[in-house]
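Can you keep this structure in mind? I'll have questions shortly.
Reckoned from all heavy atoms, side chains included, excluding hydrogens, waters and symmetry mates. Chain identifiers are assigned alphabetically (A, B, ...) following the order of the sequence lines, protein sequences preceding nucleic acid strands; residue numbering begins at 1 within each chain.
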Protein chains: 2
Amino acid sequence: MTTHHHHHDALGHHQCVRLVPIFNHLEDDQMNEIMQVAQSRQYKKGEMIYMAGDESDALYIVSSGKIRIYRLSESGKEQLVRILTPGEFTGELALFRESIHTNYAEAMSNTQVCMITRADLQEFLLKYPSISLKLLQEFSNRLDQSETQTTRFATEKVDTRIAYFLSDLMEDEGGSMIVDLPMTKKDMASYLGTTPETISRKLADFEDAGYIHQISNRKIEILDLDEMLMV
Amino acid sequence: MTTHHHHHDALGHHQCVRLVPIFNHLEDDQMNEIMQVAQSRQYKKGEMIYMAGDESDALYIVSSGKIRIYRLSESGKEQLVRILTPGEFTGELALFRESIHTNYAEAMSNTQVCMITRADLQEFLLKYPSISLKLLQEFSNRLDQSETQTTRFATEKVDTRIAYFLSDLMEDEGGSMIVDLPMTKKDMASYLGTTPETISRKLADFEDAGYIHQISNRKIEILDLDEMLMV
DNA sequence: CGGAACTTTGATAACGTTCAACATTCGTGG
DNA sequence: CCACGAATGTTGAACGTTATCAAAGTTCCG
């Protein structure tokens, strides 16, 4: 047990599979079948689920907790790619490729994941082709998101990127005028390709301009979205 | 016929299907089956294959010519996403989603494509699940590429992005020291999220530093890749 | 409660865009 | 095949934006 940096729970906790949109159109017996092969694992805060260069052999679905996915650029600088919350999954990138991870996955808090091995998943996909279509759909969405993000980096300055970030958060939270930042401002800077200093300054500028009100460190009230997006 | 801005060739020209890596592991009868439903189309230089907002209902495979895929940011600025050459395909993004295109596809020269409708493709995927796995693999690759690009934007300055762009081109051409730019410098600027002026200047700087030699407008000899990548 | 990590603010400097003028290349029709 | 016009590419100077460095303030977590 000392050689394992994670806790492997051979018994239950496979309910996580039900959390995943990709699987929740399955019939009961199919669901049972995949729950048979799913393994539950626990990671403590700060532990790595996988790293760039690791061989990829599994799909990881978050049951509880949060996972931070990041990359290092060729010259070693870190960028936050996305944060996974319960129901979301990762590992897919390398699952269908040369099976080497190109990014890093780190538990942000105590985190429980469901793991399905590459072999089991592929077998399952060949047996139930409709799941592949769902997966393709999910991939399409991510690709679109990633390209949207790329285009924002390529064409917008920091102001605007921050504004769209806040706008996206509002949508995620169903249009509430008060958004909770899902990460530290340091991480937000990394995600948006800028520095914590600049995030601080631009948010202060937005506040001066009357577009937002910073309620607390992690809470922002949006006062005038449209104006903010036209900066 | 006047209402159609493209030429539809109902007869042959379905060989294009053979060009696509995704399909070239198929057995003969499967190949014939998909060639049955593939339609050939021609676009003249400058014609649009699809635009953002169009309903997506087909996969387009390039037989000959080139297709320019680009996006507009929310604020209307254009970014070149990728250029498709024979054997590559597009249309996939919206194929499995809400079926609305989010980017633009424009013929860069007279271009012949093979078109497979959404319905035909889905039927085919359900019938031959192994193709889905190939498609998933292709999507993974694109996602990885897109995230790599995003990370470069987020963490590297223009110098370095240009250097990696040249480096990628070298790889594509099998390590030859002389690379042909696959697009105008204007497009290169759009792709790399900068301006033509800056591309000009940085390439001149690279030349001064002895990293490259600009043979002609579209041809660059790489003299010292390693040094150039460490700018 | 205390230390570490994160955040803010100010001053400065590096970086890249913009605008304008000129040079070159490309592509089309004669 | 050449000539011409349009599009693309180059160079310089000025400006705007954002990173960097430093120091002080705040929040978080054990």
Side-chain angles (χ1 to χ4, degrees), chain A residues 44-46 65-66 68 73 75 77-80 106-110 152-163 165 180-209 212-220 231, chain B residues 44-46 65-66 68 73 75 77-80 106-110 152-163 165 180-209 212-220 231:
Chain A
K44 282 191 295 231
K45 178 175 176 172
K66 272 190 186 179
R68 196 170 175 284
S73 72
S75 64
K77 277 162 245 161
E78 176 181 322
Q79 195 221 354
L80 177 61
E106 177 193 356
M108 294 176 76
S109 54
N110 289 345
R152 281 184 190 168
F153 276 119
T155 62
E156 310 293 2
K157 38 191 194 181
V158 177
D159 286 326
T160 315
R161 301 207 298 272
I162 295 174
F165 179 78
D180 275 294
L181 301 182
M183 55 183 89
T184 65
K185 285 177 187 163
K186 193 187 177 217
D187 277 344
M188 194 173 148
S190 168
Y191 183 75
L192 294 174
T194 180
T195 59
E197 291 96 324
T198 297
I199 296 277
S200 236
R201 277 188 254 271
K202 297 297 181 186
L203 286 179
D205 291 348
F206 283 168
E207 186 148 29
D208 289 348
I212 65 171
H213 171 57
Q214 304 195 58
I215 299 172
S216 70
N217 195 15
R218 289 285 198 109
K219 249 188 188 23
I220 294 179
V231 172
Chain B
K44 282 192 295 236
K45 178 175 175 174
K66 273 190 184 179
R68 195 170 175 285
S73 71
S75 64
K77 276 161 247 161
E78 177 182 322
Q79 196 221 355
L80 177 61
E106 178 195 356
M108 293 176 76
S109 54
N110 289 345
R152 283 185 189 166
F153 275 119
T155 60
E156 309 294 2
K157 40 191 189 182
V158 177
D159 285 327
T160 314
R161 300 208 297 273
I162 296 175
F165 179 78
D180 275 294
L181 301 182
M183 56 182 88
T184 64
K185 284 176 189 164
K186 193 187 176 213
D187 277 345
M188 195 172 147
S190 169
Y191 183 74
L192 294 175
T194 181
T195 60
E197 292 95 325
T198 298
I199 297 276
S200 239
R201 277 187 256 270
K202 296 299 181 186
L203 286 180
D205 290 349
F206 282 170
E207 186 148 28
D208 289 347
I212 65 172
H213 171 56
Q214 304 196 57
I215 299 171
S216 70
N217 194 15
R218 290 284 198 110
K219 247 190 189 21
I220 294 178
V231 173

>> Assess the residue pair Ile220(A) and His213(A) against the criterion (side-chain contact (heavy atoms from CB on, under 4.5 Å)); give the C-alpha distance rounded to whole Å, side-chain angles, the decisive distance to 0.1 Å, and a yes or no.
In response: CA-CA 6 Å; Ile220(A) 294 179; His213(A) 171 57; over 6 Å; no
>> From the set dT8(C), dT28(C), dT8(D), return the single nucleotide nearest to any side-chain atom of Gln214(A).
In response: dT8(C)
> So which of residues 190-208 of chain A are in contact with DNA chain C, with a heavy-atom cut-off of under 4.0 Å?
Replying inline: Glu197(A), Ser200(A), Arg201(A)
> For the helix from dC1(C)-dG30(D) to dG30(C)-dC1(D), what is the angle between the axes at its two ends, each from 5 pairs, rounded to 10°?
Replying inline: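 Nearest ten degrees gives 70° for this helix.
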> Rounded to the Å, how far apart are Lys186(A) NZ and dT27(D) C1'?
Replying inline: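 The distance from NZ of Lys186(A) to C1' of dT27(D) comes to 15 Å, rounded to the nearest Å.
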> Relative to the 5' end of DNA chain C, which residue comes earlier, Lys45(B) or Arg161(B), by the nucleotide with the nearest heavy atom?
Replying inline: Arg161(B)
>> Whether Glu106(A) and Arg68(A) form a salt bridge (side-chain N of Lys/Arg under 4.0 Å from carboxylate O of Asp/Glu) is what I want to check.
In response: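 Between Glu106(A) and Arg68(A) there is a salt bridge, with a charged N closer than 4.0 Å to a carboxylate O.
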>> Between P on dA19(D) and NZ on Lys77(A), what's the gap in Å once rounded to a whole number?
In response: 12 Å
>> Measure CZ/Phe153(A) against P/dG16(C) and give the value in whole Å, please.
In response: 16 Å
>> The test is side-chain contact (heavy atoms from CB on, under 4.5 Å); show your working for Lys186(B) and Ile199(B) and say whether it passes.
In response: CA-CA 8 Å; Lys186(B) 193 187 176 213; Ile199(B) 297 276; over 6 Å; no
> To the nearest angstrom, how far is Glu156(A) atom CD from dG16(D) atom C1'?
Replying inline: 16 Å
> Nearest-Å distance, CG (Asp159(A)) to C1' (dA19(D))?
Replying inline: 15 Å
>> Going by the rule side chain to side chain contact (heavy atoms under 4.5 Å, CB included), which residues pair with Ser200(B) if we only count those two or more places apart in sequence or in a different chain?
In response: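 Scan of Ser200(B) (side chain to side chain contact (heavy atoms under 4.5 Å, CB included), adjacent residues dropped) gives none.
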>> Output the rounded distance in Å from NZ (Lys44(B)) to P (dG27(C)).
In response: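 Result: 18 Å.
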> Between Met188(A) (CE) and dA5(C) (P), how many Å, whole number?
Replying inline: 22 Å
> Could you give the distance from CG (Leu181(A)) to CG (Leu203(A)), rounded to the nearest 0.5 Å?
Replying inline: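 One gets 7.5 Å once the value is rounded to the nearest 0.5 Å.
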>> Can you tell whether the side chains of Asp180(B) and Arg218(B) come within less than 4.0 Å, N to carboxylate O?
In response: no
>> Among Met188(A), Glu156(A), Lys157(A), exactly one meets side chain to side chain contact (heavy atoms under 4.5 Å, CB included) together with Ile162(A). Which residue is that?
In response: Met188(A)
> For Met108(B) and Lys45(B), what are the C-alpha separation, side-chain angles and deciding distance, and is it a side-chain contact (heavy atoms from CB on, under 4.5 Å)?
Replying inline: CA-CA 5 Å; Met108(B) 293 176 76; Lys45(B) 178 175 175 174; over 6 Å; no
> Between Lys185(A) and dT7(C), does any side-chain N or O lie under 4.0 Å from OP1 or OP2?
Replying inline: no
>> On DNA chain D, compare the nucleotides closest to Lys157(A) and Arg218(B); which residue's is nearer the 5' end?
In response: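 Closest to the 5' end, via its nearest nucleotide, is Arg218(B).
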>> Just the rounded figure in Å: distance from C1' of dC26(C) to CE of Met108(B).
In response: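 In whole Å, dC26(C) C1' lies 14 Å from Met108(B) CE.
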> Rounded to the nearest 0.5 Å, what separation is found between the CD atom of Gln79(A) and the OG1 atom of Thr155(B)?
Replying inline: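 Reported to 0.5 Å precision, the distance equals 7.0 Å.
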